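Side chains included, hydrogens not; waters and symmetry mates left out as well; all remaining heavy atoms used. The structure presented is a predicted model; accordingly, all values stated were derived computationally and were not measured.
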Amino acid sequence: MTASEHLMFCNQCEQTAGCTGCMGRIGVCGKSADVARVQDELTGALIELACVADEDALPESTWQLAIECLFATMTNVNFDADSLYDLLDRVRAEQGRAVFTHHPGSEVPIIADYDMNRIWDADEDVRSLKSLILFGIRGMAAYAYHALVLGLAKDEVNRFFIRALRALAVDDLDAGELLALALEVGEKNLAVMEMLDRANTETYGVPEPTEVSLTVERGPFIVVSGHDLYDLQQLLEQTRGLGINVYTHGEMLPAHGYPRLKAYPHLKGNFGTAWQNQQKEFAGIPAPVLFTTNCLMPPRPSYVDRVYTTEVVSYPGLTHIDEERDFSPIIEQALELGGYPQDMPFAGINGGTTVTTGFGHDAALAQADRIVEAVKTGAISRFFLVGGCDGARPGRNYYTEFVRQTPQDSIVLTLACGKYRFNDLDLGTVAGLPRLMDMGQCNDAFGAVQVALALAQAFACDVNELPLSFVLSWYEQKAVCILLTLLHLGVRGIRLGPTLPAFLSPNFLSYLVEHYGIAPITTPEEDLQTILGGQR
């Protein structure tokens, strides 16, 4: 049975049904078949727009719309068919403008949008590689969107979005050409992450190590989830002096490390853990919640009246804060609900009452001399980058146990929401440094790359020769583009879990194993045994 014969077909995230694809009325993420269908229509229209656009004279409206639409089709971003149809109308209007720009005075063209079933029903290796490219640029678009909010864009990146979309429509590209394009997604994503890192640090300061409380203080409060620091900063401005405290959630936790954000005294701490626990953690809280990016799950009746969205996030029936960012409805509800009557202590997954963040690449590299000396003397034996997305699939406690069992003379670097599996553990110190360093959001993988490259330079070796191991968890499309960035950099020996992507064909998986040494996670004990060469 082909993809076109199902009610829907979606296999872009880690939780996809049966590790094959969601094909019924509702996907595992909660989106309906109608939403999945319009997301495919939107993507097909976007591919056709790329085919008629002039790459040599790309107007701002074209690449900005492409970035917004790619972001909107990521997992857990937009569940609202009406808002997706609005984007579809904008893409089709942009198609017409692009054609008239090329052929002034021509009649109104009839443009047939690209049929996405040509990808979903293609030869499995072509489908695999084109899916990798599409899902990679969707993740990359999220980072480009956040940078754009802060005023930064790169022409080479904007052109690449159009070129990659156009390539998806070409039927006769061979596996080698598609693979080269997939690795170029990784290359361009590195440029986007560097751009976003610069935008964040120039706007909010260089992150610094910061301990964050998990206690919610008495009185009115608002919880902010997602990745967009600008939304958080605007909310902090609008709540200044009103007696409302603000708490981060999920991927917003690293905001506490930025000096210009932590300077707001009412940015108090972090509420809850990773995104997949929100339906339990938000039940009955006496406060509103703002979702700024991908992390939204279908809200339950116990708190649906207190959920707001902004940016490209949308869900039917929820109040959406538009681009003017007037947060008055959220502020009024926070004051009305009043918060908790007394301080409420909460804990992380492992019982910890505080977490620490802010170990960006600047903070880590400030200790470079100490780190290099500690490695040379044997005080530090190995670095583990244990990071990526969290999720609901059983088996993710692997990452908790892996970190718990790492040697006492090793350092664990982490980033993204997967860290909630272990970021409240007290791992102690080694060589005067914390054994656990939270480097930030998923986009801060750029920082981890910078640290790895700096260490390789210090030791005059290749990154793969460092005592550094990558143990990654994935869930959605930002993890896909980060993986492609690591492959572009030639990183080998990555361990990936909790399952391998369903959209990768057996032939392409074999290629990744042969050329990059990618391996699925097994057990913490077995993987540590392999990494440490039998010396535990």
**Prompt:** What's the verdict on side-chain hydrogen bond (donor to acceptor under 3.5 Å, both in side chains) for Q234 and R325, showing C-alpha distance, side-chain angles and the deciding distance?
**Reply:** CA-CA 7 Å; Q234 291 298 300; R325 291 180 173 82; over 6 Å; no
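- A donor-acceptor contact closer than 3.5 angstrom is absent between the side chains of Q64 and N158.
- With hydrogens and angles left out, the side-chain atoms of S32 and R25 include no donor and acceptor closer than 3.5 Å.
- Between T414 and L385 there is no side-chain heavy-atom pair separated by less than 4.5 Å.
- A donor and an acceptor atom, one from each side chain of W120 and D40, are located under 3.5 Å apart.
- Between the side chains of Q441 and H227, no donor N or O sits under 3.5 Å from an acceptor N or O.
- Checking S314 against D80 by side-chain atom types alone, a donor-acceptor pair falls below 3.5 Å.
- Under 3.5 Å, the side chains of H256 and T248 contain a donor-acceptor pair of N or O atoms.
- The aromatic rings of F221 and F271 sit tilted relative to each other, their planes meeting at an angle between 30° and 60°.
- Two rings, from F135 and F503, have their centers less than 6.0 Å apart.
- One side chain, S328 or D326, offers a donor N or O that lies under 3.5 Å from an acceptor on the other.
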**Message:** Could you go through F282 and H249, starting from their C-alpha distance and side-chain angles, then the distance that decides it, and tell me whether this counts as side-chain contact (heavy atoms from CB on, under 4.5 Å)?
**Reply:** CA-CA 11 Å; F282 291 162; H249 171 265; 3.8 Å; yes
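- For S61 and R97, the side-chain atoms include no donor-acceptor pair closer than 3.5 Å.
- H488 and K188 share no side-chain donor-acceptor pair at under 3.5 Å.
- In this structure the side chain of E311 never reaches within 4.5 angstrom of the side chain of T293, judged on heavy atoms.
- Between the side chains of D228 and T292, no donor-acceptor pair is found at a separation under 3.5 Å.
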**Message:** Apply side-chain contact (heavy atoms from CB on, under 4.5 Å) to residues N443 and D197 and explain how you reach the verdict.
**Reply:** CA-CA 8 Å; N443 53 282; D197 177 83; over 6 Å; no
**Request:** Please lay out, stage by stage, how R159 and D155 fare under the test salt bridge (charged side-chain N to carboxylate O under 4.0 Å, His left out).
**Result:** CA-CA 6 Å; R159 287 172 176 269; D155 184 63; 2.8 Å; yes
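- Between the side chains of S225 and Q278, not a single donor N or O lies within less than 3.5 Å of an accepting N or O.
- Counted by atom type alone, E476 and N294 present one or more donor-acceptor pairs between their side chains at under 3.5 Å.
- The side-chain heavy atoms of L150 and L229, taken from C-beta on, include no pair separated by under 4.5 Å.
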**Prompt:** Given F422 and F402, is the ring-ring contact (aromatic ring centres under 6.0 Å, His included) satisfied, shown in steps?
**Reply:** CA-CA 9 Å; F422 50 79; F402 185 95; 9.2 Å; no
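- When side chains are defined from C-beta on, C19 counts as touching T499, because their heavy atoms get closer than 4.5 Å.
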**Request:** Would you sort out whether T485 and E187 count as a side-chain hydrogen bond (donor to acceptor under 3.5 Å, both in side chains), showing the intermediate values?
**Result:** CA-CA 6 Å; T485 294; E187 177 190 5; over 6 Å; no
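- Side-chain atoms of L483 and I518, non-hydrogen and from C-beta on, do get closer than 4.5 Å to each other.
- For the pair T75 and Y475, the minimum side-chain heavy-atom distance is below 4.5 Å.
- Counted by atom type alone, E94 and T62 present one or more donor-acceptor pairs between their side chains at under 3.5 Å.
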**Item:** Residues Y308, F291; criterion ring-ring contact (aromatic ring centres under 6.0 Å, His included); working and verdict
**Value:** CA-CA 6 Å; Y308 298 78; F291 284 89; over 10 Å; no
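- If you check the side chains of E237 and Y264, you find a donor sitting under 3.5 Å from an acceptor.
- Residues V313 and N78 fail the side-chain proximity criterion, which asks for heavy atoms closer than 4.5 Å.
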**Message:** I'd like to know whether E208 forms a side-chain contact (heavy atoms from CB on, under 4.5 Å) with K262, so could you lay out the CA-CA distance, the side-chain angles of the two residues, the decisive distance to 0.1 Å, and finally the verdict.
**Reply:** CA-CA 10 Å; E208 53 195 30; K262 63 192 279 189; 3.0 Å; yes
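- In this structure the side chain of F508 reaches within 4.5 angstrom of the side chain of L132, judged on heavy atoms.
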**Request:** Determine, stepwise, if the pair Y114 / I119 fulfils side-chain contact (heavy atoms from CB on, under 4.5 Å).
**Result:** CA-CA 10 Å; Y114 181 81; I119 293 178; 3.5 Å; yes
**Request:** List the steps and the verdict of salt bridge (charged side-chain N to carboxylate O under 4.0 Å, His left out) for D390 and K419.
**Result:** CA-CA 8 Å; D390 206 352; K419 62 176 167 273; over 6 Å; no
**Request:** For side-chain hydrogen bond (donor to acceptor under 3.5 Å, both in side chains), just list the numbers for R138 and T43, CA-CA rounded to whole Å, side-chain angles, deciding distance to a tenth of an Å, and then say yes or no.
**Result:** CA-CA 10 Å; R138 282 177 175 174; T43 304; 2.9 Å; yes
